[in-house]
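The sequence lines fix the lettering, A, B, ..., with proteins before strands; numbering per chain opens at 1.
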Amino acid sequence: MISLLPCYIHKLLKRKMKYPHKEIEQKWQKYWETKKVYETDLTDIGKKLYTLVMFIYPSGAKLHIGHWYNYAPTDSWARFKKLKGFNVFEPMGYDAFGLPAENYAIKTGVHPQDSTLKNIEDIRKQLKAMGCMYDWKAELMTCVPEYYKWNQWLFLQMYKQGLAYRKKAPVNWCPSCKTVLANEQVQTDGTCERCGTAVTREDLTQWFFRITKYADDLLDGLKKIDWPEKTKIMQTNWIGKSYGTEVKFKVDGSDEIITVFTTRPDTLFGVTYMVLAPEHELVEKLTTPEHKEEVRKYIESVKRLSEIERTSTTKEKTGVPIGAYAINPMNGEKVPIWIADYVLATYGTGSVMAVPGHDERDFEFAKKFGLPVKKVILEPGTKPEDELKEAYVEPGIMINSGEFNGMRSEEAIQKITEYLEEKRLGKRTVNYRLRDWLISRQRYWGTPIPIVYCEKCGEVAVPEEDLPVELPYEVDFKHDGGSPLASNPGFVNTTCPRCGGKAKREVDTMDTFVDSSWYYLRYLDPHYENGMFDEELANKWVPVDMYVGGAEHATMHLLYARFVHKFLKDLGLVNSDEPFQKLIHQGTITNMGAKMSKSKGNVVNPDDFVEQYGSDVFRMYLMFMGPYELGGDWSDKGIVGIDRFVQRVYNLFLNNKEIKKNAPSHGSYNLNDLDNAAKAVYRKVNQTVAKFDKELENFRFNTAVALLMELLNELTKNLEKVEDSIKTYALERFAVLLSSVAPHLGEECWALLGNDKSLFEEPVWFEADKNALTEDEVTIVVQVNGKVRAKVKLPVDTDESTVKETVWKENNVKAHTEGKTVVKEIYVKNKIYNIVVK
RNA sequence: GCGAGAGUGGCGGAAUUGGUAGACGCGCUAGAUUUAGGAUCUAGUAUCCGUAGGAUGUGGGGGUUCGAGUCCCCCCUCUCGCACCA
């Protein structure tokens, strides 16, 4: 027994305490929850700060690394702000309606409501294990009547103002999801944003929100918000405002008029044919009998093409003439009318004047079909008789254009437009690329549209007092070729609110982007019953100060939310112009170069890492990976580095347990009273505080974590050498900085020092001592002709003559200047001394 | 095609009012320590040549400057967004 004792003691001394992450993280999570540390007092708006991440779309899978990467660093920023004295509101919720739950139901038979609620429960557990400071009393989900009732109310307000309307239109149809999609939900390659199936075009009667009415407001608002430039550019392009002229072309031998939109009225004299989109309403009317068959065939062939094929720029141009002719309003020339699918029915007027000489597409088309090319704009440095080898699209001098000859084309644009306006043949106009927002979906798991169709009265809005129109539980999701809601007679059959007669309910549901376009307002009081949201709170807390989410929402959610917000402002419900004042996009985390997805089988489960290393290590590792906006490819290679850091920090604080009680720190120290080790520690601590503040403020988490590591290295080296009160000074500050990026560990360390109150319960922040930010001595780099030849250490702010004297004593400087003429000497204070020799 | 961003050691990445390139971490090398360790500690680590020291070096090529990863011009590669918008 006795012989074993020394060994035992030896072991105890040598072995360090392993950081019990599980125990400590659970302890603090429980503490925060029971003490309601993160419940925000929304009545206190002195230093209000609304931080938000895009809420979760519980698509069947649990939280993955991407969610963590989005939420954890943002939470660290929020905590940093809380420590600095802000009244931070950070809520979390669930964007719970949507296709994935319904598709899952079709596959497995599990009702979307059951799977979604179960899923949310799992996710909530994961969220709590992350240890973010979410205010759980503000938690919301969109699939409950208390929430979606207000989607319906919003719809009714739009309806009243004529901003919600129904029309038959060619729409994007996903054959796999069996629903229509908004333009924004069709990907660049013409596939469905959710399932990747090629989207087709169908003519269907659908509900729209008139977002186009807000096109200019949406553009103007971009100037006032602090968003990534790239996102603003994307929205600007998506709205696609362009100034131009509408020109009326008479159809030869008919009363019909073809109106075209052009940004280049200066090329009007160069029109050699006209093109209508195959879907254009005049096509049938104007087609001459001998062309009917060919035109019909062409329209059929276009319909068969997928959106991808049709809009591909590399596709060869196709088209057929319809036999009719139009009259050029400028010169009375008769030009043939064609239809071709390179003209889009959805942009401008769905018809164009073709100027092959000065438009690349028209040029290509004209060459293929042997149509004439007419030159009306002269390229500087060329002759009028030179043949056009390709379309000349830049400005130039007007030729072959009657009275406008000799004008510069920029001037001619104005003059010709004036001429047209005078003759009532056209007018200045503005055109947008933006289309109205198609909000109806032929799916079950969404908000029912509050409309009934009465046999007598027709389309009737459900009165506000009858809301919500509840989504019935019993339906056949597999209902083929239409809305599943139609399968429930109890839902469909109703009475007309106007006449009391027989009526049928609208069976389509709303796009889930309606739900997410105003949820940030609902968080302020998710159970509010007197309206969509608490207006008083909204006027105090909105706009959201910091919004963090994926860049993929640039032209969807982020545009819709701005639109709805502006509409709500016009209703008088909010006083702010914009919903999100500052926006940051987190980068994407890929795995082996590919986006993580279930189907690829490359999803990395964060739970395993949390289990092994703890939440703090995992979130700090994500922050340390690189710049937040960049994301990156996943690798767990370096996570041990963060783990080591945490172990070392924990042991450092264990070794100085309760130190604050015996040796409290002073507010600041005079550098002259400190010895070298104390000075070094004191300086490093204060420099770290100052830099950390700046880095975290700007979402530069990777460098913020690096700063803490540097500080730890300094403390490891010198802390043992300094007196206890300075140790306390250093460790207090270290714990506070740490607690924003590693909240559990930070709290634990703060408590170890001898503090009774939780840091987040009573936030503490230390400002840096400005006197300690600079060093006594600086290293001045000595260069000869820009190459480093020596380094001299001198007291900071040494006068130039002394620096010069010291520099010239350096042997290496002498060696490199010997026998050469000094041209000049440049001194950059405290940094560089450069000698230029010849 | 148009628009935006990026290219730095073996790896992730630091550094921009132009002023010591490679912070911090991983990995690697050597040593110490431990019953053992994939634990911990210490030192080293851009490349090439060397004894001090020197040469080269931020995708490639030019330029401006005493001085360029950083500014300007041309080119290459990658990523993202838009894509027949009249």
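In this structure, A/Arg700 reaches neither bases nor backbone, as no heavy-atom distance under 4.0 Å exists between it and the strands shown. A/Val640 comes within contact range of the sugar-phosphate backbone alone, with a heavy-atom separation under 4.0 Å but no base atom that close. Contacts of A/Gln783 with the nucleic acid, taken as non-hydrogen atoms under 4.0 Å apart, include base atoms. Residue contacts shown for A/Lys787 are limited to sugar-phosphate atoms, with no base heavy atom under 4.0 Å away. Using a 4.0 Å heavy-atom cutoff across all strands shown, A/Asp362 reaches no nucleic acid atom at all. If you check every strand for non-hydrogen atoms under 4.0 Å, A/Lys831 touches sugar and phosphate atoms only.
One interatomic measurement links the two molecules: CD1 of A/Ile339 to P of B/rA86, which rounds to 22 Å at whole-angstrom precision. Rounded to whole Å, the distance from CZ on A/Arg264 to C1' on B/rA86 is 11 Å. Rounded to a whole Å, the OH atom of A/Tyr432 is 17 Å from the C1' atom of B/rA86.
Partner assigned to B/rG22 is none, using Watson-Crick or G-U wobble distances below 3.5 angstrom.
For the pair A/Asn237 and B/rC85, the criterion of a side-chain N or O lying under 4.0 Å from OP1 or OP2 is not met. Put simply, A/Asn702 has a side-chain N or O that comes within less than 4.0 Å of OP1 or OP2 on B/rA14. One finds a side-chain N or O of A/Arg644 lying less than 4.0 angstrom from the OP1 or OP2 phosphate oxygen of B/rG27. Checking the phosphate oxygens (OP1, OP2) of B/rC80, no side-chain nitrogen or oxygen of A/His585 falls inside 4.0 Å. At the phosphate of B/rA43, neither OP1 nor OP2 sits under 4.0 Å from any side-chain N or O atom of A/Lys717. One finds no side-chain N or O of A/Lys637 lying less than 4.0 angstrom from the OP1 or OP2 phosphate oxygen of B/rC26. In terms of phosphate contacts, A/Arg789 brings a side-chain nitrogen or oxygen within less than 4.0 Å of OP1 or OP2 of B/rA55. Applying the 4.0 Å criterion to OP1 and OP2 of B/rA86, one finds that A/Arg433 has every side-chain N and O outside that range.
Each of B/rC80, B/rA14, B/rG54 was ranked by its minimum atom distance to the side chain of A/Pro627; first place goes to B/rA14. Proximity note for A/Trp238 (side chain, C-beta onward) versus B/rC84, B/rA83, B/rU20: the nearest is B/rA83. Which of B/rC84, B/rA86, B/rG25 sits closest to the side chain of A/Phe624 comes down to B/rG25. For A/Val781, taking side-chain heavy atoms from C-beta onward, the closest of the listed nucleotides B/rA14, B/rU20, B/rA23 is B/rU20. Side chain of A/Val836, nearest nucleotide from B/rG53, B/rC66, B/rA86: B/rC66. With B/rC66, B/rG27, B/rG25 as the choices, the nucleotide that has an atom nearest any side-chain atom of A/Ile826 turns out to be B/rC66. Closest to the A/Met709 side chain, of the nucleotides B/rA86, B/rC66, B/rG25, is B/rG25. In this structure, of B/rC24, B/rA86, B/rC85, it is B/rC24 that holds the atom nearest to the side chain of A/Glu710. In the set B/rC85, B/rG81, B/rC66, B/rG81 carries the atom at the smallest distance from any side-chain atom of A/Met234. Here B/rA4 is the nucleotide among B/rC82, B/rA4, B/rG25 with the atom lying nearest to any side-chain atom of A/Ile233.
A cation-pi arrangement, defined by a distance under 6.0 Å to the six-membered ring centre and an angle within 45 degrees of its axis, is absent between A/Lys317 and A/Phe365.
Taking for each of A/Val828 and A/Asn713 the nucleotide of RNA chain B with the nearest heavy atom, the 5'-most of the two is the partner of A/Val828. Annotation: of the two residues near RNA chain B, A/Ile642 and A/Met353, the 5′-most nearest-nucleotide partner is A/Ile642.
Atom CD of A/Glu775 has more than 12 heavy atoms from other residues, nucleotides or ligands within 6.0 Å. Counting non-hydrogen atoms of neighbouring residues, nucleotides and ligands closer than 6.0 angstrom, the NZ atom of A/Lys829 reaches no more than 12 such neighbours.
Aromatic ring centroids of A/Tyr273 and A/Phe369 lie 6.0 Å or more apart.
Because its glycosidic torsion is more than 90° from 0, B/rG38 is reported here as anti.
Side-chain contact annotation: A/Tyr19 with A/Asp643, donor-acceptor N/O pair under 3.5 Å absent.
What you find for A/Phe734 and A/Phe653 is that their closest heavy atoms are CD2-CE1, 3.9 Å.
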